[in-house]
*Asks:* 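Quick one: this structure, given as structure tokens, is what I'll be asking you about.
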Amino acid sequence: MTEQAPNEARVIPLRPPAGHQSAARPGGIRPASERPATAAPQAPAPKEPLWRDLIGDVLRRERLAQERTLKDVADTARISMPYLSEVERGRKEASSEVLAAAAHALGLGLGDLLSLAQGELVRVTSRRMPSGSRGRAGSSYDGLCLAA
């Protein structure tokens, strides 16, 4: 007979003892509790701003600078007020026709709108990146290239 009492359960550890490599883990990945303390957590890389957010910011800033209402600009551009609001908030990817109409309603050309958004992109990304690491090494070009 065994030395174990009949009503006792046998304990099976879920984790191997410390210092023991488990082959059951794919790629040898260890849980954070088993990793060496010298590995510092890396901060996530900053996200690039979305073009629709930049365009929306420029449209809203221009509209507010002219002290015009959303309804006024939407009516002049012949687009719906809720849609223009969504574009300004960066929730919709507007077509070039819609962007041109909104820009013209504000007295801007489409090129002006895109140029202002490009300037905003350069301003936002230059704050996030160290001054010498923007673009390819040795490249001083920070302009926008659009193909027709």
Side-chain angles (χ1 to χ4, degrees), residues 9-148:
R10 193 174 79 174
V11 177
I12 301 172
L14 296 177
R15 286 193 189 133
H20 181 273
Q21 290 286 337
S22 173
R25 296 194 190 278
I29 299 172
R30 295 183 294 179
S33 62
E34 295 178 14
R35 290 186 196 134
T38 58
Q42 293 181 353
K47 288 186 176 180
E48 289 279 330
L50 296 176
W51 188 245
R52 68 176 183 240
D53 291 329
L54 297 168
I55 292 286
D57 289 344
V58 169
L59 286 172
R60 176 167 281 164
R61 188 172 49 244
E62 288 297 314
R63 180 177 60 80
L64 294 175
Q66 295 176 18
E67 298 180 352
R68 294 176 65 188
T69 65
L70 195 60
K71 180 173 179 15
D72 176 41
V73 174
D75 288 346
T76 304
R78 298 184 58 138
I79 56 180
S80 75
M81 187 176 69
Y83 188 75
L84 180 59
S85 174
E86 293 282 299
V87 170
E88 282 190 356
R89 289 185 286 152
R91 301 229 175 143
K92 295 288 183 188
E93 289 276 357
S95 68
S96 57
E97 292 88 357
V98 169
L99 293 178
H104 289 296
L106 292 166
L108 301 171
L110 182 59
D112 299 325
L113 175 63
L114 298 178
S115 179
L116 290 168
Q118 186 264 340
E120 183 69 11
L121 176 63
V122 169
R123 186 183 67 76
V124 168
T125 56
S126 66
R127 279 188 296 158
R128 293 181 180 174
M129 302 170 94
S131 60
S133 67
R134 207 170 59 210
R136 291 185 310 237
S139 174
S140 63
Y141 180 75
D142 61 357
L144 175 68
C145 179
L146 296 176

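Bear in mind that the values here come from a model prediction, so they are computed numbers and not experimental data. When a residue number appears, it is its place in the shown sequence, counting from 1.
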*Asks:* If you look at every heavy atom in R63 and L70, which pair is closest and at what distance?
*Replies:*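 Reported closest heavy-atom pair: NH1-N, 3.4 Å.
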
*Asks:* Which pair of heavy atoms, one from A102 and one from L84, lies closest together, and at what distance?
*Replies:*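 Reported closest heavy-atom pair: CB-CD1, 4.3 Å.
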
*Asks:* With side-chain contact (heavy atoms from CB on, under 4.5 Å) as the test, would you mind laying out the steps for L59 and I55 before giving the verdict?
*Replies:* CA-CA 6 Å; L59 286 172; I55 292 286; 4.0 Å; yes

*Asks:* Sequence neighbours excluded and cut-off under 3.5 Å, please list the side-chain donor-acceptor pairs for residues 104-114, or say none.
*Replies:*
from, atom 1, to, atom 2, distance (Å)
H104, ND1, L108, O, 3.4
D112, OD2, G109, N, 2.9

*Asks:* S96: what forms a side-chain hydrogen bond (donor to acceptor under 3.5 Å, both in side chains) with it, not counting sequence neighbours?
*Replies:*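 Applying side-chain hydrogen bond (donor to acceptor under 3.5 Å, both in side chains) to S96 gives none.
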
*Asks:* Taking all non-hydrogen atoms of both residues into account, name the closest pair between R60 and S85 and its distance.
*Replies:* NH2-O, 4.5 Å

*Asks:* Which heavy atom in L121 sits nearest to a heavy atom in P49, and how many Å separate them?
*Replies:*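 So the two residues come closest at CD1-CG, 3.6 Å.
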
*Asks:* Quick one: salt bridge (charged side-chain N to carboxylate O under 4.0 Å, His left out) partners of D75, sequence neighbours excluded?
*Replies:*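 Applying salt bridge (charged side-chain N to carboxylate O under 4.0 Å, His left out) to D75 gives K71.
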
*Asks:* Suppose we screen for salt bridge (charged side-chain N to carboxylate O under 4.0 Å, His left out). Which residues come up paired with E120, at least two apart in sequence or across chains?
*Replies:*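 Listed in chain order: R61, R123.
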
*Asks:* Among residues at least two apart in sequence or on other chains, which ones pass side chain to side chain contact (heavy atoms under 4.5 Å, CB included) with A94?
*Replies:* Y83, V87, V98, L99

*Asks:* From E97 CD over to R78 CZ, what is the distance, rounded to the nearest 0.5 angstrom?
*Replies:* 14.5 Å

*Asks:* With sequence neighbours excluded, tell me which residues meet salt bridge (charged side-chain N to carboxylate O under 4.0 Å, His left out) with R68.
*Replies:*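 For R68 the salt bridge (charged side-chain N to carboxylate O under 4.0 Å, His left out) partners, ignoring immediate neighbours, are D72.
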
*Asks:* Nearest 0.5 Å, what's the CG-CZ distance between D53 and R91?
*Replies:*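 Separation between the atoms: 10.0 Å.
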
*Asks:* Within a strict 4.5 Å, meaning less than it, do heavy atoms of the V73 and Q66 side chains meet?
*Replies:*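 Of all side-chain heavy-atom pairs linking Q66 with V73, none is under 4.5 Å.
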
*Asks:* Would you check if the side chain of R52 reaches a backbone N or O of K92 as a donor-acceptor pair within less than 3.5 Å?
*Replies:*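 Looks like no, no N/O pair under 3.5 Å.
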
